Amino acid sequence: MIIGIVGLGLIGGSLGLDLKKQGHRVIGISRRELTVQRAISRGAVTQASVNMSLLSEAEVVFICTPLGFIIPTLEQLIAHLPSSCVITDVGSVKTPIVKAISPVWQNFVGGHPMAGSTDSGIEAARSNLFNNKPYVLTPINTTPTSAITVIENLISQLGVNIHYCSPEEHDKAVSLISHLPVMTSASLITTCDKEADSQVHQLAQKFASSGFRDTSRVGGGNPELGVMMAKYNREALLMSLHKYRSNLDELVNLIEREDWVSLEQILHSNNQARSKFVKELD
Ligand code: NAP
């Protein structure tokens, strides 16, 4: 197939590497000429340009720009694409994107590959990033079945596990398991970094090991991505943060009251709940 990828960063570049390997003709579009050249030399695209007119024969286009640029990118793109072209995006928030694009382009299927890294840009792109990872599609009742099938067939070639839900359900679920962790992990880093006692601060830094590396990883990632999550998934994220704060308050209360029995009950039930939540990952 002739596949366009707009936004040649971590996700766009990684998609290009895998789709090109599958024998597709991958046409990359990015904002900066330097990125275009790097994508070509890394083998992530068959050809690439900063000019969208290269996409005039594209059968499918993946929009892989940062969240805030997805809708403006679509608005620029439509002048260059055949009307049969199926467009999808990879944005980590779905409701505002699906609401804005579906009325403008019929063959649009919202998507979100649940794979990534804290690095960004074309240098961070890698093969097999999506293999065995969830890939969520959020079609709505006006999305043509034929468009869904085209995207399903393509992303299946990445070895992903496809899931379907509404854009709203998607946003609530990712606010819990993706956006909330970014914010709580960020607060953890702030708490450590703002420790007023310089001796304790230095020691904490020296003692930090694998546990801190795990718990601080998502909070220390791409700041632009974190702001976009909060901006575009504000309502669901606020709801998750309020629930989290109330659970944290409960822990504070139990520790203040020295209620070790109740604390143990909570930690015991968390121990079991975590195994269920991450069972597919282990
Ligand atoms: P990224 O590494 O920063 O890549 C985005 C790329 O888009 C940049 O390399 C930039 O290329 C290009 N770009 C920026 N503005 C553009 C524009 N107006 N037109 C064309 N290209 C433009 O970001 P990413 O992590 O791949 O994220 C891209 C999308 O994937 C986001 O919508 C995000 O929500 C979603 N996502 C991210 C992850 C993750 O873990 N990172 C996971 C799943 C989904 P230039 O160098 O040319 O400016």
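Every number for a ligand or one of its atoms is a count from 1 in the order of the listing. Side chains are part of it too, since the values below use all heavy atoms of this structure and drop only hydrogens, waters and symmetry mates. The structure displayed is predicted, hence computed values, not measured ones.
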What do we get for Ala115 next to ligand 1 when only non-hydrogen atoms under 4.0 Å count, side chain, backbone, both or neither?
backbone
Leu225: numbered ligand 1 atoms lying under 4.0 Å from its heavy atoms:
33 (C), 34 (O), 39 (C), 41 (N)
Just heavy atoms, cut-off under 4.0 Å: does Ser120 contact ligand 1 by side chain, backbone, both, or neither?
both
Of all protein heavy atoms, the one nearest atom 4 (O) of ligand 1 is Gly9 CA, 3.1 Å
Expected output: side-chain Ser185 to main-chain Val182 donor-acceptor under 3.5 Å:
no
Of the protein's non-hydrogen atoms, which lies at the shortest distance from atom 24 (P) of ligand 1, and what is that distance?
Ile11 CG1, 4.0 Å
Inter-residue atom distance His179.NE2 - Arg234.CZ, 0.5 Å rounding
15.5 Å
Does Phe69, backbone or side chain, put an N or O under 3.5 Å from an N or O of ligand 1?
no
Taking all non-hydrogen atoms of both residues into account, name the closest pair between Ala58 and Val61 and its distance.
CB-CG2, 3.9 Å
Does ligand 1 have any atom sitting under 4.0 Å from a heavy atom of Leu67?
yes
Checking contacts here: is it the side chain or the backbone of Ala124 that comes within 4.0 Å of ligand 1, counting heavy atoms only? Could be both or neither.
neither
Interatomic distance, Leu158 atom CG to Asn131 atom CG [nearest 0.5 angstrom]:
8.5 Å
Heavy-atom distance to atom 5 (C) of ligand 1: which of Pro66, Gly91, Ala39 wins?
Pro66
Taking only heavy atoms of Val90, which atoms of ligand 1 are found under 4.0 Å from at least one of them?
29 (C), 30 (O), 35 (C), 36 (N), 44 (C)
Considering residues, nucleotides and ligands other than Gln47, do more than 12 of their heavy atoms fall under 6.0 Å from its CD?
yes
Near Leu8, which atoms of ligand 1 are under 4.0 Å from a heavy atom of that residue?
9 (O)
Spatial distance of atom CG (Leu154) from atom OG1 (Thr149) [nearest 0.5 Å]:
11.5 Å
In the structure I gave you, are the side-chain heavy atoms of Thr138 and Ile97 within less than 4.5 Å of one another anywhere?
no
State whether any protein heavy atom lies less than 4.0 Å from atom 41 (N) of ligand 1.
yes
Could you tell me whether the side chain of Ser30 and the main chain of Leu8 form a donor-acceptor pair under 3.5 Å?
yes
Under 3.5 Å: donor-acceptor pair, side chain of Arg42, backbone of Ala125
yes
Is it the side chain, the backbone, both or neither of Ile70 that has a heavy atom closer than 4.0 Å to ligand 1?
side chain
With heavy-atom distances below 4.5 Å as the criterion, would you say the side chains of Tyr244 and Met183 are in contact?
no
Quick one: does His112 get an N or O within less than 3.5 Å of an N or O on ligand 1?
no
Nearest protein heavy-atom contact for atom 43 (C) of ligand 1: which residue, which atom, what distance?
Pro113 O, 3.2 Å
For Thr73 and ligand 1, does the shortest N/O to N/O distance drop below 3.5 Å?
no
Check whether any N or O atom of Gly121, backbone or side chain, sits under 3.5 Å from an N or O atom of ligand 1, and answer yes or no.
yes
Of the listed options (Leu15, Val218, Thr35), which comes nearest to atom 46 (O) of ligand 1 when hydrogens are ignored and any heavy atom counts?
Thr35
Can you report which non-hydrogen protein atom sits closest to atom 28 (C) of ligand 1, along with the distance?
Cys64 O, 3.2 Å
What pair of heavy atoms forms the shortest contact from Ala115 to Leu129, and how long is it?
CB-O, 3.5 Å
Rounded at 0.5 Å granularity, tell me how far CD1 in Ile71 sits from CD1 in Ile63.
9.5 Å
Taking distance alone, with no angle check, do Thr65 and ligand 1 share an N/O pair under 3.5 Å?
yes
CD (Glu250) and CG (Asp259) are apart, to the nearest 0.5 Å, by 9.5 Å
For Ser92, is at least one N or O under 3.5 Å away from an N or O on ligand 1?
yes
Spatial distance of atom CG (Leu176) from atom CG (Asp171) [nearest 0.5 Å]:
11.5 Å
Can you name the nearest heavy-atom pair linking Ile122 to Ala44, along with the distance?
CD1-CB, 4.4 Å
Quick one: look at Ile29 and ligand 1, take heavy-atom pairs under 4.0 Å, and tell me if it's side chain, backbone, both or neither.
neither
For atom 23 (O) of ligand 1, the closest protein heavy atom turns out to be Leu10 N, 4.6 Å
Could an N or O of ligand 1 be found under 3.5 Å from any N or O of Val6, whether backbone or side chain?
no
Nearest non-hydrogen protein atom, atom 11 (O) of ligand 1:
Ser30 OG, 3.1 Å
